[in-house]
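Notes to accompany the following structure.
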Protein chains: 2
Amino acid sequence: MSFANIKAIAFDADDTLWVNETLFRDAELEFCKLMKDFMPEDECNERLFEMEMKNLPMYGYGIKPFTLSLIEAAIQFSKGKVSNTTISEIINIGKGMLEAPIELIDGIDETLKYLSTKYRLVMATKGDLLDQERKLIKSGLEPYFHHIEIVSDKQPKHYQKLVNHLDIFPGEFLMVGNSVKSDILPVLEIGGHAFHIPFHTTWEHERVKDPVEHPNFKELKEASEMLQIL
Amino acid sequence: MSFANIKAIAFDADDTLWVNETLFRDAELEFCKLMKDFMPEDECNERLFEMEMKNLPMYGYGIKPFTLSLIEAAIQFSKGKVSNTTISEIINIGKGMLEAPIELIDGIDETLKYLSTKYRLVMATKGDLLDQERKLIKSGLEPYFHHIEIVSDKQPKHYQKLVNHLDIFPGEFLMVGNSVKSDILPVLEIGGHAFHIPFHTTWEHERVKDPVEHPNFKELKEASEMLQIL
């Protein structure tokens with residue numbers, strides 16, 4: 001694999017630049033504790049996932065859709081018996097997530113600092129722009145990025161649009177992310193390069209079973225490995 | 001005012017391309033009817049506006065933040081007495097808004113069709129990308145636009161970013177929108193051109209009192225007036 005042609009590198013944001021999954025997993029645990037009078041915790045977890053999947057096509061990704069799904073789930077799981085106090089607590093779980101401090105992924109700061117001197121870096125995320133921009137500013141990583149690319153989904157056609165937008169060819173594009181399904185496979189499909197850096201927990205919905213075999217692909221353990229490669 | 005230099009035209013989306021305000025006003029009416037046992041309708045309207053303003057910095061714009069504010073308001077206005085049934089109805093008000101059919105603003109289709117042959121057109125919106133992209137596709141206007149620019153807010157610095165991103169100078173940029181505060185003043189401030197096309201109802205938060213006087217500014221009654229000017 002040669003990187004001589006790479007002109008722009010896009011980084012996924014959540015769980016690639018900073019910890020995010022953990023926020024959602026913690027919120028789900030907190031929610032299922034609030035539901036414990038109505039439903040055992042493991043059943044709550046399972047049914048909450050179903051609720052999120054049902055609402056995903058209409059709501060999209062992010063903390064606000066998640067909060068709405070929690071409220072809908074609370075009413076459904078309690079058969080209409082959940083108290084206003086508990087619903088207020090759920091709203092506050094969501095607000096707490098929006099205000100949570102940023103925890104950077106190991107080695108990401110030094111890696112971006114170096115790469116930004118050699119390549120055009122963009123942040124590519126399917127989250128909510130207001131949230132993601134706020135997180136980027138809080139993270140202190142903003143100076144390394146040329147701009148943010150918000151994509152409504154991460155299918156091949158969305159990456160093709162992104163690459164067109166950057167005015168480069170797919171072979172000049174490298175995507176770095178923690179999700180094989182969203183960050184790796186669709187990029188390889190359009191002829192781009194992709195590095196996978198797994199995050200310790202990955203959302204059930206994002207899991208892909210088979211390991212990737214592709215000349216344009218690399219699996220890394222840590223962001224700082226890029227310092228040797230690029 | 002000369003338009004010979006204009007290279008790109010950005011259109012605001014909601015209430016410039018399609019009707020949107022009306023959806024929110026109708027939803028507020030419906031909400032205040034649900035609250036009528038707890039609070040008179042005019043007080044409800046006023047206090048709901050306060051709730052939306054309080055949450056705006058954290059939640060941003062769009063239907064999902066609005067729905068969360070409605071739920072929070074229902075609990076507050078009812079002093080914790082609102083039923084789960086009513087909260088479910090509020091969630092469904094939000095979902096109904098997300099699925100509402102698109103009603104185009106008069107003359108917008110023919111105007112964009114013509115302008116797209118002469119200029120690079122972009123849609124510039126501070127809404128939620130998933131919602132806005134879905135509306136753009138449903139509207140049938142997508143083929144006229146080069147791409148969507150999502151801005152987290154519409155202050156001068158955000159327009160400066162947009163103009164940089166388009167690789168043009170501010171004097172080569174024209175913004176068209178229904179909000180003097182969001183679409184006109186910040187664009188004039190960075191040296192761009194701006195056309196104001198008022199929508200019949202404009203959100204209280206967006207109102208500006210003084211009429212605009214500026215060589216780069218024009219007030220239009222209808223989108224199709226652009227066919228004569230550009």
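None of the values given here were measured: they were computed from a predicted structure. Reminder, nothing fancy here: chain letters follow the sequence lines and each chain counts from 1.
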So which atom in A/Leu130 and which in B/Pro57 form the shortest heavy-atom distance, rounded to 0.1 Å? CD2-O, 4.1 Å
Side-chain (A/Lys64) to main-chain (B/Tyr59) donor-acceptor, under 3.5 angstrom: yes
Using 4.0 Å as the upper bound for N to carboxylate O, is an ion pair formed by B/Lys161 and A/Glu133? yes
Please report the closest heavy-atom contact between B/Ser152 and A/Leu129, naming both atoms and the distance. N-CD2, 3.4 Å
B/Ser83, part contacting chain A, at a heavy-atom distance under 4.5 Å: neither
So which residue, A/His147, A/Glu72, A/His165, ends up with the most heavy-atom pairs under 4.5 Å with chain B? A/His165
Heavy-atom contact with chain A under 4.5 Å, split by part of B/His146: neither
Is the count of non-hydrogen atoms from other residues, nucleotides or ligands lying under 6.0 Å from B/Glu103 atom CD greater than 12? no
For residues B/Asn55 and A/Lys95, is any side-chain donor paired with an opposing acceptor at under 3.5 Å? yes
Other residues, nucleotides and ligands only: do more than 12 of their heavy atoms fall within 6.0 Å of CD on A/Glu46? no
To the nearest 0.5 Å, what is the distance between CD1 on B/Ile148 and CD1 on A/Ile150? 12.0 Å
Is it the side chain or the backbone of B/Gln132 that comes within 4.5 Å of chain A heavy atoms, both, or neither? neither
Taking atom NZ of A/Lys138 as the centre, does the number of heavy atoms from other residues, nucleotides or ligands within less than 6.0 Å exceed 12? yes
Do other residues, nucleotides or ligands put more than 12 heavy atoms under 6.0 Å from the NZ atom of A/Lys7? no
Are any non-hydrogen side-chain atoms of B/Ile71 and A/Leu68 less than 4.5 angstrom apart? yes
Apply the test side chain to side chain contact (heavy atoms under 4.5 Å, CB included) to residues B/Ile87 and A/Asn84: give CA-CA distance (whole Å), side-chain angles for both, the deciding distance (0.1 Å), then the verdict. CA-CA 10 Å; B/Ile87 293 176; A/Asn84 277 207; 4.3 Å; yes
